Amino acid sequence: MPGLLKDSYNRPIRDLRVSLTDRCNFRCFYCLPHGEPPIAPKEQMLSYEEIEYACRIFVELGIEKIRLTGGEPMMRRDIEQIIFKLAQLKDRPSERPHLAGGSRASCAPGLRDLALTTNGYFLPHRAHSLKEAGLDRITISLDSLKRDVFKQMTGVDVLDRVLEGIQAAKEARLTPIKVNAVIVRGHNEDEVADFAAFAREHDVKMRFIEFMPLDSGHEWNREDVVSGREIRERINERFPLEPLKVARGSETSSRYRFADGAPGEIGIIAPVTEPFCGACSRIRLTADGQIRTCLFSTVEHSLRDVIRDGASRAETIDFIESVVMKKEPRHYINDPGFVAPSRSMSFIGG
Ligand code: SAM
């Protein structure tokens, strides 16, 4: 009888990122610099029924967190429908005992956390319906607090609308709200402390992300990476930080509170300069149904084909377990022979 998902390095796999679409209404230069059209034809995209079926199996295999992403996930029609379906998987122990005896403790715990990453554009009118459908919390991308820089980085002139979206998410209690900023040299590193001030003022968890080689134009350059260390120093100069006394576990960010007790939190995600692969618990399902075992994988495994070819539930589980065993030990961004994945973050699902 299969157990909870673990890879060949004994890392438990508990976190699934599901891309709902590879379409996006923004053109962030670090992701889709040339504004390519989506590559997957509609019939190749997983339907909501297929996503629900796959997620139900993943949860039985021990996935505790599902994050819906994209592309821009809110461009997928009636996203509330799939949120509602997935929310039903919350806090329900697996019906399938994993150890002899089948006690509660020996079962997969069920889904604990259903989250969404969005650019915030659709939130002013939709935050409440997401909450009502069963979404727990939200992460909103915001790369600049200056209108001109926001437009230059994202390709769209909608800073005010995204700020409204953050407010709407707060009002809908999609909390704790995380705000993601990718910091890129020469664009927004001078705003790092301003983002910290934003976190204090609005009581949000600010997440600073190092620029990764996941842009579709493959123009990433190491000199453009603003290191986690520099980000910390820039904030510390204005707002002294203290590390949060919580075990990091498989979290992507190192987390800090403001030393003066102000609200808000800082998280620094530094996969380039401070890799955290040893504790990685993540796998990804792309909008066209490919399992990716690492953001930087150069191979994908078609769960869609397995499901559409009529595999039984047991065969599907075998497939997932065998794919997870192939999870890479680490990423190779810092190795001389590093080859960036051919698909950008927007196709992989950030
Ligand atoms: N459209 C949604 C959004 O804007 O949040 C979800 C998808 S987006 C690909 C998810 C996250 O990936 C965003 O916070 C984005 O800034 C980040 N991202 C995309 N390309 C990146 C890169 N090359 N390096 C670091 N982060 C990146």
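Nothing here was measured: the structure is a model prediction, and the numbers come from that model. Whatever order the structure lists ligands and atoms in, that order sets their numbers, starting from 1. Numbering of residues begins at 1 and proceeds along the displayed sequence.
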*Going by side-chain heavy atoms closer than 4.5 Å, which hydrophobic residues are tied to L244, directly or by a chain of links?*
V246
*asked:* For K6, give me all partners under side chain to side chain donor-acceptor pair (under 3.5 Å), at least two apart in sequence or on another chain.
replied: none
*Measure from NZ or CZ of R161 to the centre of the six-membered ring of Y121, then state whether that distance is under 6.0 Å and the direction lies within 45° of the axis.*
yes
*Find out whether the Lys NZ or Arg CZ of R185 is both under 6.0 angstrom from the six-membered ring centre of F211 and within 45° of the ring's axis.*
no
*Mind checking what residues have non-hydrogen atoms under 4.0 angstrom from ligand 1?*
Y30, C31, T69, G70, G71, E72, T117, T118, N119, S141, N180, V182, I209, E210, F211, M212, L214, M345, G350
*Would you list the pairs meeting ring pair (Phe, Tyr, Trp, His ring centres under 6.0 Å) in which at least one residue belongs to residues 158-189, sequence neighbours left out?*
F29-H187
*Hey, is the main chain of R137 close enough, under 3.5 Å, to the side chain of K178 for a donor-acceptor pair?*
no
